[in-house]
> 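I'd like to ask you about the structure that follows.
Just the heavy atoms: all of them, side chains too, but no hydrogens, waters or symmetry mates, feed the values below. Naming: A, B, ... by sequence-line order, numbering from 1 per chain. It should be emphasised that the depicted structure is a prediction, and the values quoted were computed from it without experimental measurement.
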Amino acid sequence: MPTSDADASGNLWDPWRPVREQIDQELARRLGAHGYPESAEGLDRQLEDAPSGVADFGYATHRAAKSLGVPPERLSAELATDFPLSGGLVRVTSDGAYVNFHADTSRLIQATLELVIARGAAYGRGPPSTEKVCVEHTSANPNGPFHVGRVRNGIIGDTLARVLRAAGFPVTTEYYVDDLGRQSAMITWIWSKPVDQWPPEVRDGARPPEGVTLSTEKADHWYGRPYRYVSDFLKKNPEAAQQVAELTRELESHQAPPLHREIAEAVLGGMLSSLARVGVHFDSFVWESSLVQDGSVAKVIERFRKSPHAILEENGALALDAQGYGLPKESATIIVTRADGTSLYPTRDVAYHLQKFSRFARVIDVLGQDHQLHARTLDAMLAEIGETRRPEFLIYQDITVPEGGRMSTRKGRAVHLDDLLDEAVERAHGEVLKRREDLSEEQVASIAERVGAGAVRFHVLRVAPDKPVKFRWEEALSFEGRSGPFVQYSYARAGSILRKAGRESPPFPFETRALNLPEETDLVRVVARLPGTIQYVARTGHVHAVATYAYGLAEAFNRFYQAIPVLRAEEPARASRLALVAATRQALGNTLDSLGLERLERM
RNA sequence: GGGCGUGUGGCCUAGUCUGGAUAGGGCAUCGGGUUCCUAACCCGAGGGUCGGGGGUUCGAAUCCCCCCACGCCCGCCA
C-alpha cells in the first residue's frame, strides 16, 4: 500500500482512481471488441455517479448501442456479464440500459483510511508539477477600503491559488499595484493640500466623524474618505482636473512627489490587513510605476507605433485599429497613448503581461466582469505585437446590492469589508458565549474572529464565480446550514472525539469489517473524493466546488456523528471508528486549508 | 444598437463545460430528536411549467436558434 510519496505511478494519491481506471479499461476493451470507435479515447468521462443507493458508478449504453446498432438493454447485459471483479469491484449489474458498478467497500475503506492517515496534510494533493503558475488577483487601486464587492476577487483568486498549490503546482499570487494613472493621482492631489484648502464640497463630504484621526483609523479608510467627492468635484472643475492631469503626467515621468508613494503604501497596507482577516495573502507585488521606470512601457509603445495598424489621431494620441481580432466593432479602436504621450492602463498591462510571461509558465488573471472587454483587448494587443502566449482569465460576476446594481463606493452604495467582518465577529462572539463558559475571553475572541471571517469567506465562495451574488446581511452572516462555521464546527467536533479518546496522532489501527454501517461507508466515500475534487477545481477554476465538497463532507460526518457512537463503542468498532474520525478530520482540515478558512480545535 | 454573463419551489443555491436513471442542498414554515463523543447538529413533511417558445436527440436544466428580464462593458478612466 501507498506510503507518503506514493503518487509516482499516478494512482495512489486518489482512492477512487484505481477503481475508475479498472472500469474504464475493461469497458473500453469490451466495447472496442464490439467495434465501438469512441472506446479508443477512454470512457472515463462517460462514467457517471450512479444514484445513491443504486451503485457507485454507472455507464449509460444508449450511445454505444445506437452506434453499434443493438438495443441498449442487450448491450448493457452483455457488458455486465462476467465483468472481471479483480481489484476494486465487488459487483457489476445490468439495470435496463445502464451498467452499474459497485465498488468493493472494504477495499475502498482500507485504501482511503491508509492513504489519508499516511499522507496527513498532503492528502488531497496531486503529483507535483514544475510548471510555475502566477495567479494575479485583486489588484485594486489603493484609493480606499475594500467593499464587499471587490473582495470577491481576492477570495476567488486566493482560493484558486490554494487549490492549484494543492494540485501540485508552484504558485505565486501577485498584486498589481496601480500607483499610476488618474485614480491614484486624485488621492495625492487632494492630500497634498492642507485640509482647510480643500474645496468645500470635498471637505464637507469627507469630514471624519468626531474624534476620528489617522492614528485611530485604518489608513485606507482615512485617506480614502475624500475619493468619491474629489471624483465628483473634478467633473465640474476643469482647472482642478487639469492639475490632476498634470500630476498624472508627472507620475508617469517618475516625478511623483514622495507623498504619493507614502499614501499609496499606507492605503494598501490598510487594504491588505482587511484581506488578511479573511485569509487572503500575496506572495508578490508589482508596482505599475516600476514598469514605466524600467522602460518596458516605452518599449511596448514603440512596438505599437511601428505596427501596420497604428493610427495617429489628430490630437496626437496613438491608437490601434484592432478590427482583425474579433472585437466588437465599436471597441475595435484601442487607444495606446493619450495626446500628451502618457500611456493607458491596457498599454501598461501589456508590458506587465510580457513581464509575467518571462517569469511564469502559466499566467492566470482574476477579473471582474467589467473587465471582460479589457481581457479581449489585452489578447488583441498581445497578438498585435506578435506575442503568442496569453493569460488565462477567470472572470467573476459582481456582488450586487439588493436594490439592484453592483456595489460602488463612488455611487455611495457599498458595504465595507471591515464593517461586515466586525459585525460577523460580533455575532460569532455572542454564539460562542452562548455555548462555552469554560473559555477565557481571549479564547472566545480568537474563535469569534475566525468563525466570523469563515462565515464571510465561505459565503462569497459558495456561489459559482460566473453568477452574480446579491448581498444580504442576514445571508452573509449565517452560521448554520451550508456555511463556513458549519464546516469549521464539524472539524472541531471530530477533533473533540479524538482528544477525549487520547488518540490525536497516528497510528490509527482499524478493521474494515468493523466499518459497515451506511453512515460509515457513506462518509468514507466522501472522504475519498477530496483528491478528485482538487483536481477538478484546478482544471476548471470552479472554486465554489471546494465549498460544495466541504459542505458535503461535513454533512456526511454529522450524520455519522449523530447516528453512531464512537467512544462508547466496543472494540474493534471503537478503534476503527476513531480511525475514520481521524481521517475525516484530516480531510476536513485539508479542505478548510484550500478554502482559506481557519481550522478550529474547539468552538 | 452591439458584446459578455446570469435566470432552477417564498428566498438562496448545486447540477450546465462532458446530454442519461425519481432535478441535489441550504434558509424560511410545520412536526420530531439531547440520561450519550459540542443541538453552530440530526430526522421527517409540505413546496418545482429548471425565464418563455421552437429545434436537435432514443433521451434536454444541460446542446442550437429566437424572444423576455436583470447585471456589466462598448477609443484617449482603471
> Please confirm whether any donor atom in the side chain of A/R63 sits under 3.5 Å from an acceptor in the base of B/U18, or the reverse.
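No such pair is found, so the answer is no.
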> Look at all strands and tell whether A/G552 reaches a base, only sugar-phosphate, or nothing, counting heavy atoms closer than 4.0 Å.
nothing
> Roughly how far apart, to the nearest Å, are B/G25 and B/G15 at atom P?
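Between the two P atoms, the distance is 15 Å.
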> Report the distance from atom CZ of A/R472 to atom C1' of B/G10, rounded to the nearest whole Å.
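To the nearest whole Å, that distance equals 12 Å.
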> Give the rounded distance in Å between these two atoms: CD1 of A/I399 and C1' of B/G5.
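Roughly 16 Å, once rounded to whole Å.
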> 5'-most contact on RNA chain B: A/H371 or A/A64, nearest heavy atom basis?
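Its nearest nucleotide being more 5', the pick is A/A64.
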> What integer number of Å spans the P atoms of B/U62 and B/U8?
14 Å
> Measure the distance between the ring centre of A/Y98 and the centre of the six-membered base ring of B/G20, then answer whether it is under 5.5 Å with planes under 30°.
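A/Y98 ring does not meet the centre or angle cut-off for B/G20; no stack.
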> Return whichever of A/Y561 or A/Q369 has its heavy-atom-nearest nucleotide of RNA chain B closer to the 5' end.
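Checking each residue's closest nucleotide, the 5'-ward one belongs to A/Y561.
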> Tell me whether the centres of the aromatic rings in A/H371 and A/F393 are closer together than 6.0 Å.
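No, the ring centres sit 6.0 Å or more apart.
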> Considering only B/A14, B/C11, B/G2, which nucleotide approaches the side chain of A/E475 most closely?
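Comparing B/A14, B/C11, B/G2 against the side chain of A/E475, the answer is B/C11.
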> If the glycosidic angle is within 90 degrees of 0 it's syn, otherwise anti, so just tell me which one B/G31 is.
anti
> Can you find a side-chain donor-acceptor pair between A/S446 and A/R450 that sits under 3.5 Å?
yes
> Would you indicate what A/V432 reaches in the nucleic acid, counting non-hydrogen atoms under 4.0 angstrom: base, sugar-phosphate, or nothing?
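Contact class for A/V432: base.
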> Tell me if the side-chain of A/N558 makes a donor-acceptor pair with the base of B/A39, cut-off 3.5 Å, by modelled atom types.
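No, no donor-acceptor pair under 3.5 Å.
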> Just the rounded figure in Å: distance from C1' of B/G7 to CD of A/Q397.
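About 12 Å, once rounded to whole Å.
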> Do we see a donor-acceptor contact under 3.5 Å between the side chains of A/Y352 and A/E174?
yes
> For residues A/H459 and A/F479, establish whether the separation of their ring centroids is below 6.0 Å.
no
> Could you check which nucleotide pairs with B/C72 in any of the strands shown, counting Watson-Crick or G-U wobble with both distances under 3.5 Å?
B/G3
> Which listed nucleotide (B/U22, B/G20, B/C74) is nearest to the side chain of A/S331?
B/C74
> Identify whether any heavy atom of A/N100 sits under 4.0 Å from a base atom; if not, whether one sits that close to sugar-phosphate; answer base, sugar-phosphate or nothing.
base
> Any Lys/Arg nitrogen of A/E601 or A/R585 sitting under 4.0 Å from an Asp/Glu carboxylate oxygen of the other?
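A salt bridge links A/E601 with A/R585.
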> At under 4.0 Å between heavy atoms, what does A/A339 touch on the DNA or RNA strands: base, sugar-phosphate, or nothing?
base
> Given B/A21, B/U6, B/A39, identify the nucleotide with an atom nearest to the side chain of A/Y489.
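Nearest nucleotide to the side chain: B/A39.
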> Does A/P485 reach a base, just sugar-phosphate, or nothing at all? Heavy atoms under 4.0 Å.
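Here A/P485 touches the bases of the nucleic acid.
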> Hunt down the Watson-Crick or G-U wobble partner of B/G19, both distances under 3.5 Å, from any strand shown, or write none.
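Matched B/G19 with nothing under the 3.5 Å cut-off.
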> Which nucleotide, B/U16, B/U13, B/C76, lies nearest any side-chain atom of A/Y536?
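Side chain of A/Y536 sits closest to B/U16.
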> Say you pick atom P in B/U56 and the same atom in B/C72; how far apart are they, in whole Å?
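These two P atoms come out 38 Å apart once rounded.
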> Which one, B/U22, B/U18, B/A14, comes nearest to the side chain of A/P51?
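Selected nucleotide: B/U22.
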> Rounded to whole angstrom, note down the C1' distance from B/C65 over to B/U57.
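About 16 Å, rounded to a whole number of Å.
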> Find the distance A/L344:CG to B/C74:P and express it as a whole number of Å.
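Rounding to the nearest Å, CG of A/L344 and P of B/C74 are 13 Å apart.
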> Could you list the donor-acceptor pairs under 3.5 angstrom formed by side chains in residues 558-571 of chain A, with sequence neighbours left out?
| residue | atom | partner | partner atom | Å |
| --- | --- | --- | --- | --- |
| A/N558 | OD1 | A/R493 | NH1 | 2.6 |
| A/N558 | ND2 | A/S490 | OG | 3.0 |
| A/N558 | ND2 | A/A554 | O | 2.8 |
| A/E571 | OE1 | A/A575 | N | 3.0 |

> Can you measure A/R406 atom CZ to B/G71 atom P for me and round it to whole angstrom units?
12 Å
> Would you sort out whether A/T159 and A/R457 count as a side-chain hydrogen bond (donor to acceptor under 3.5 Å, both in side chains), showing the intermediate values?
CA-CA 10 Å; A/T159 305; A/R457 179 155 174 154; 2.9 Å; yes
> With a 3.5 Å cut-off and just heavy-atom distances, do the side chain of A/N315 and the base of B/C76 make a donor-acceptor pair?
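In this structure, the two groups form a donor-acceptor pair.
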> Using distance alone, with no hydrogens and no angle criterion, decide if A/T342 and A/R338 have a side-chain donor and acceptor under 3.5 Å apart.
yes
> Quote, to the nearest angstrom, the P distance that separates B/C17 from B/G7.
13 Å
> Determine the interatomic distance between P on B/G26 and the same-named atom on B/C41; round to the nearest Å.
10 Å
> Could you check whether A/R348 gets within reach of a base, just the sugar-phosphate, or nothing at all, counting any heavy atom under 4.0 Å?
sugar-phosphate
> Measure from the side chain of A/R413, starting at C-beta and using heavy atoms only, and say which of B/G26, B/C12, B/C72 lies closest.
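The closest nucleotide is B/C72.
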> Atom CG of A/L461 to atom C1' of B/A14: distance rounded to whole Å?
14 Å
> Pick the C1' atom in B/A61 and in B/A21, then give their distance to the nearest Å.
16 Å
> Taking the side chain of A/L373 as its heavy atoms from C-beta onward, which of B/A14, B/U6, B/C74 lies nearest to it?
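Of all the options, the side chain of A/L373 is nearest to B/C74.
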> Consider the side chain of A/D398, meaning its heavy atoms from C-beta on, and name the nucleotide among B/C36, B/U38, B/G71 that approaches it most closely.
B/G71
> Of the candidate nucleotides B/C76, B/G25, B/A14, which contains the atom at the shortest distance from the side chain of A/R338?
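Among the listed nucleotides, the one closest to the side chain of A/R338 is B/C76.
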> Work out how far the P atom of B/G5 is from that of B/G9, and round it to whole angstrom.
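Those two atoms are separated by 22 Å.
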> Indicate, with a heavy-atom threshold strictly under 4.0 Å, whether A/R559 touches base, sugar-phosphate, or nothing.
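Result for A/R559 = sugar-phosphate.
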> Using a heavy-atom cut-off of under 4.0 Å over every strand shown, decide if A/R436 touches base, sugar-phosphate, or nothing.
base
> Under a 3.5 Å limit for both distances, which nucleotide forms a Watson-Crick or G-U wobble pair with B/C77, could you say?
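B/C77 is unpaired by these criteria.
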> Quick one: label A/V581 by what it contacts on the DNA or RNA (base, sugar-phosphate, nothing), any heavy atom closer than 4.0 Å.
nothing
> Tell me if the side-chain of A/Q372 makes a donor-acceptor pair with the base of B/G5, cut-off 3.5 Å, by modelled atom types.
no
> Going by purine N1 to pyrimidine N3 plus the second Watson-Crick contact, or the G-U wobble pair, all under 3.5 Å, which nucleotide sits opposite B/A45?
B/U29
> Regarding A/D522 and A/R525, does a basic nitrogen lie under 4.0 Å from an acidic carboxylate oxygen?
no
> Please evaluate residues A/R150 and A/T138 with respect to the criterion side-chain hydrogen bond (donor to acceptor under 3.5 Å, both in side chains), reporting the C-alpha separation (whole Å), side-chain torsions for both, the decisive distance (0.1 Å), and the verdict.
CA-CA 7 Å; A/R150 291 169 103 184; A/T138 306; over 6 Å; no
> Can you figure out which of B/C37, B/U6, B/G75 approaches the side chain of A/K467 most closely?
B/U6
> B/G24 pairs with which nucleotide, Watson-Crick or G-U wobble, both distances below 3.5 Å?
B/U13
> Stacking check: are the rings of A/H62 and B/G59 less than 5.5 Å apart at their centres and under 30 degrees in tilt?
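Not stacked by the 5.5 Å and 30° rule.
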> Report the distance from atom CZ of A/F557 to atom P of B/C42, rounded to the nearest whole Å.
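Rounding to the nearest Å, CZ of A/F557 and P of B/C42 are 11 Å apart.
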> Classify A/A428 by what it touches in the nucleic acid, base, sugar-phosphate, or nothing, heavy-atom distance under 4.0 Å.
nothing
> For the pair made of CD1 in A/I564 and P in B/C36, what is the distance, rounded to whole Å?
19 Å
